[in-house]
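Report on the structure given below.
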Number of protein chains: 2
Amino acid sequence: MRLDDLPTTQGAAVAEPAVSRVDRPAPRPVRITRAEELRLQLADEIVRGQLAPGAPLDETEIARRFSVSRTPVREALRQLAASGLIEARAHRGAVVARPTLERLNGMFEAMAELEALCAGLAAERMAATERAGLEAIHEELRMLSHAGNPERFHEVNERFHNAIYAGSQNGYIAEMALATRVRVQPFRRAQFRNLGRLAKSHAEHDRVVVAIMRGDRTGAANAMRAHIELVRGEYEIYAVSV
Amino acid sequence: MRLDDLPTTQGAAVAEPAVSRVDRPAPRPVRITRAEELRLQLADEIVRGQLAPGAPLDETEIARRFSVSRTPVREALRQLAASGLIEARAHRGAVVARPTLERLNGMFEAMAELEALCAGLAAERMAATERAGLEAIHEELRMLSHAGNPERFHEVNERFHNAIYAGSQNGYIAEMALATRVRVQPFRRAQFRNLGRLAKSHAEHDRVVVAIMRGDRTGAANAMRAHIELVRGEYEIYAVSV
DNA sequence: GGTTGACTTATTGCATACAATAGCTAAGCA
DNA sequence: TGCTTAGCTATTGTATGCAATAAGTCAACC
């Protein structure tokens, strides 16, 4: 998952201007601040599972580890807390978020509904080029499902879903959908249980794509909702907190 | 709008344990931190319209105004930026968020869908006591609509919607709905255009309540979606940014 | 045996000083 | 006149030190 997409402010992320003129002024060095760097790094480690839910995040220790003072560390931790990836309990140290089973189920329900909403809106609003792009990604996934490469499949799968978010033409909803996806990411299994899941996933996607191409809002929403419900099996859903 | 509800971390706000045992250990002084205080204060001023969209938020000036150092001010501003209430442009000062017309429309669409989702879930899941509570609030609104007190009506109206959020039994979705409501709040007109709107609003609520009581998920969702679309007229929807 | 209380200490909150960056202005040049 | 560039300055970013709070511990008491 691309963590640059992590929406913290009003994420220019998904709704990026998309100005792809070649004669742009300059690539711009993109001066990144240290706090920002820490935030991205920590978020990445959490989402990738290197920092498991419940893992302690000591300000002083992190400051030492990255050779910075506590100030930018605090800032990064606050941002992460705001985005829900960590829990900051005063005077007892912050830890990687460890939602209750109930809450995790709630997040999945939200994800299903948000993705369904995006798919439905996309069916009505996607521009021709966007539709073409979605089909291209879909085709790429078909080939990857045959090749049996879960890692790469997962990557392209995210592009698939991002394309549908963007197709909703509603940046605000797209951000919520992406943020939710990021937040459940730490609970994803390291590997799919079986490779057959890839083919199944592609088949489910197919129903979504067909409905979108047909401009069938309800159909697209239902297909996507069903897909997310099934995807849920790829996640470790168990009580991680007390 | 109660700003204590503003969800920044994983808002214990809406999903508050609801432990209302009388013999609770102690009311707990609720030690509030300075940064938190600033955040609430500034958010309040923004939502109430005292700080209009586009108004500058100078770190140093705010620090002077509240007699604190820049550190807690920075923290508060970051939090507000994360929740989307302000825009923090580096080296040009932060300003109260000034979404484009397009984005504002997107937020309203999101609000309609989120509230509709909550109403639908509430229809299926509300406990008996919750249903009773909702009806009580609804009745209170009926009386207030006759009394013609827009201020008070507005207050109770928020309790009405919060009750439906809670009825969804999904804290995560409830938080998104509330956060969205807060974010469009600054664009609400100071007064309803006419008092007749209160009676109309109550009539729309009535359709929602009836559907919820009947356990009619689709009906409740549709009624709520329609209500939010109409409520939209109470907001100043115009391009506030360039 | 369980509860209450003070004490200790880890951890966070805040203030201040300084460094660094980017926006801005104006001068110089084509 | 329009563009580039250099320097200034407002503003933000970071480091460090100290203050303050609450968590945890242990002992005394009921």
Side-chain angles (χ1 to χ4, degrees), chain A residues 8-10 12 23-42 51 54-82 85-98 241-242, chain B residues 8-10 12 23-42 51 54-82 85-98 241-242:
Chain A
T8 45
T9 52
Q10 14 199 16
D23 55 348
R24 236 169 166 177
R28 232 235 257 202
V30 185
R31 188 69 59 180
I32 192 96
T33 180
R34 253 165 270 199
E36 195 73 0
E37 198 179 313
L38 285 170
R39 197 196 53 143
L40 291 173
Q41 177 69 27
L42 291 173
L51 281 174
L57 297 163
D58 184 63
E59 288 184 4
T60 314
E61 185 199 314
I62 295 173
R64 265 203 310 272
R65 184 176 146 208
F66 290 93
S67 302
V68 293
S69 79
R70 269 180 52 227
T71 308
V73 174
R74 282 176 61 76
E75 201 158 291
L77 290 182
R78 287 314 182 92
Q79 297 280 105
L80 290 171
L85 279 178
I86 76 172
E87 301 167 17
R89 310 155 307 170
H91 294 269
R92 276 191 302 162
V95 296
V96 176
R98 212 181 23 159
S241 47
V242 282
Chain B
T8 45
T9 52
Q10 13 199 18
D23 56 346
R24 234 171 167 175
R28 234 235 258 197
V30 186
R31 188 68 59 179
I32 191 96
T33 181
R34 255 166 268 200
E36 194 73 0
E37 198 179 313
L38 285 170
R39 198 197 53 145
L40 290 173
Q41 178 69 26
L42 291 173
L51 282 174
L57 297 163
D58 185 64
E59 287 185 4
T60 313
E61 185 198 314
I62 295 173
R64 265 205 309 273
R65 184 176 145 207
F66 290 93
S67 303
V68 294
S69 78
R70 268 179 54 227
T71 308
V73 174
R74 283 176 61 76
E75 200 158 291
L77 290 182
R78 289 311 181 93
Q79 297 280 104
L80 290 171
L85 279 177
I86 75 172
E87 301 167 18
R89 310 156 307 171
H91 293 270
R92 276 190 303 161
V95 296
V96 176
R98 213 179 23 160
S241 46
V242 282

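So you know, we letter chains A, B, ... as the sequences are listed, proteins then strands, and number each from 1. These numbers come from the heavy atoms of this one structure, side chains and all, not from hydrogens, waters or symmetry mates.
Taking atom CZ of residue B/R74 and atom P of nucleotide C/dA17, one finds them 17 Å apart after rounding to whole Å. In this entry the distance linking CG of A/L38 with P of D/dG13 reads 14 Å, nearest Å. Rounded to whole Å, atom C1' of C/dG13 lies 14 Å from atom CD of B/Q79. In this structure, CG of B/D58 is placed 9 Å from C1' of D/dA10, rounded to the nearest angstrom. As a whole-Å value, the separation of A/R39 CZ from D/dG13 P is 13 Å. Regarding A/E59, its CD atom lies at a distance of 14 Å from the C1' atom of D/dT16, rounded to whole Å. Between A/R64 atom CZ and D/dT16 atom C1' the separation is 16 Å, expressed in whole Å. Taking atom CD of residue B/E75 and atom P of nucleotide C/dA15, one finds them 11 Å apart after rounding to whole Å.
No contact: B/R89 has no heavy atom under 4.0 Å from any strand.
Across the interface with DNA chain C, nearest-nucleotide mapping of B/S67 and A/L57 shows A/L57 to be the residue nearer the 5′ end. Residue order along DNA chain D, read from the 5' end via each residue's closest nucleotide, puts B/T60 first among B/T60 and B/T71.
A donor N or O paired with an acceptor N or O is found under 3.5 Å between the base of D/dT21 and the side-chain atoms of A/H91.
Pairing each heavy atom of B/R89 with each of B/V95, the nearest pair is NH2-CG1, 3.5 Å. For the residue pair B/A94 and B/A88, the shortest heavy atom distance occurs at CB-CA, 4.1 Å.
Distance from the side chain of A/P72 is smallest for D/dA15 among the nucleotides D/dA15, C/dA15, C/dT12. Of the listed nucleotides (D/dA22, D/dA15, C/dA15), D/dA15 has the atom at the smallest distance from the side chain of A/V68. Among the nucleotides D/dA15, C/dT16, C/dT12, the one closest to the side chain of B/S69 is C/dT16. Minimum atom distance to the side chain of A/R70 is reached by C/dT12, of the listed D/dT14, C/dT12, D/dG13.
At D/dT14, one or more side-chain N or O atoms of A/T33 fall inside 4.0 Å of OP1 or OP2 (strictly under the cut-off). An OP1 or OP2 oxygen of D/dT12 is reached within less than 4.0 angstrom by no side-chain nitrogen or oxygen of B/R92. OP1 or OP2 of D/dG13 has not a single side-chain nitrogen or oxygen of A/R34 nearer than 4.0 Å.
Paired with A/L77 under the rule side chain to side chain contact (heavy atoms under 4.5 Å, CB included), one option of A/L38, A/I86, A/L85 passes, and it is A/I86.
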Step-by-step salt bridge (Lys or Arg N to Asp or Glu O under 4.0 Å) determination, B/E75 to B/R39:
CA-CA 8 Å; B/E75 200 158 291; B/R39 198 197 53 145; over 6 Å; no
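Every residue two or more places apart in sequence or in another chain was checked for a side chain to side chain donor-acceptor pair (under 3.5 Å) with A/R34, and none qualifies.
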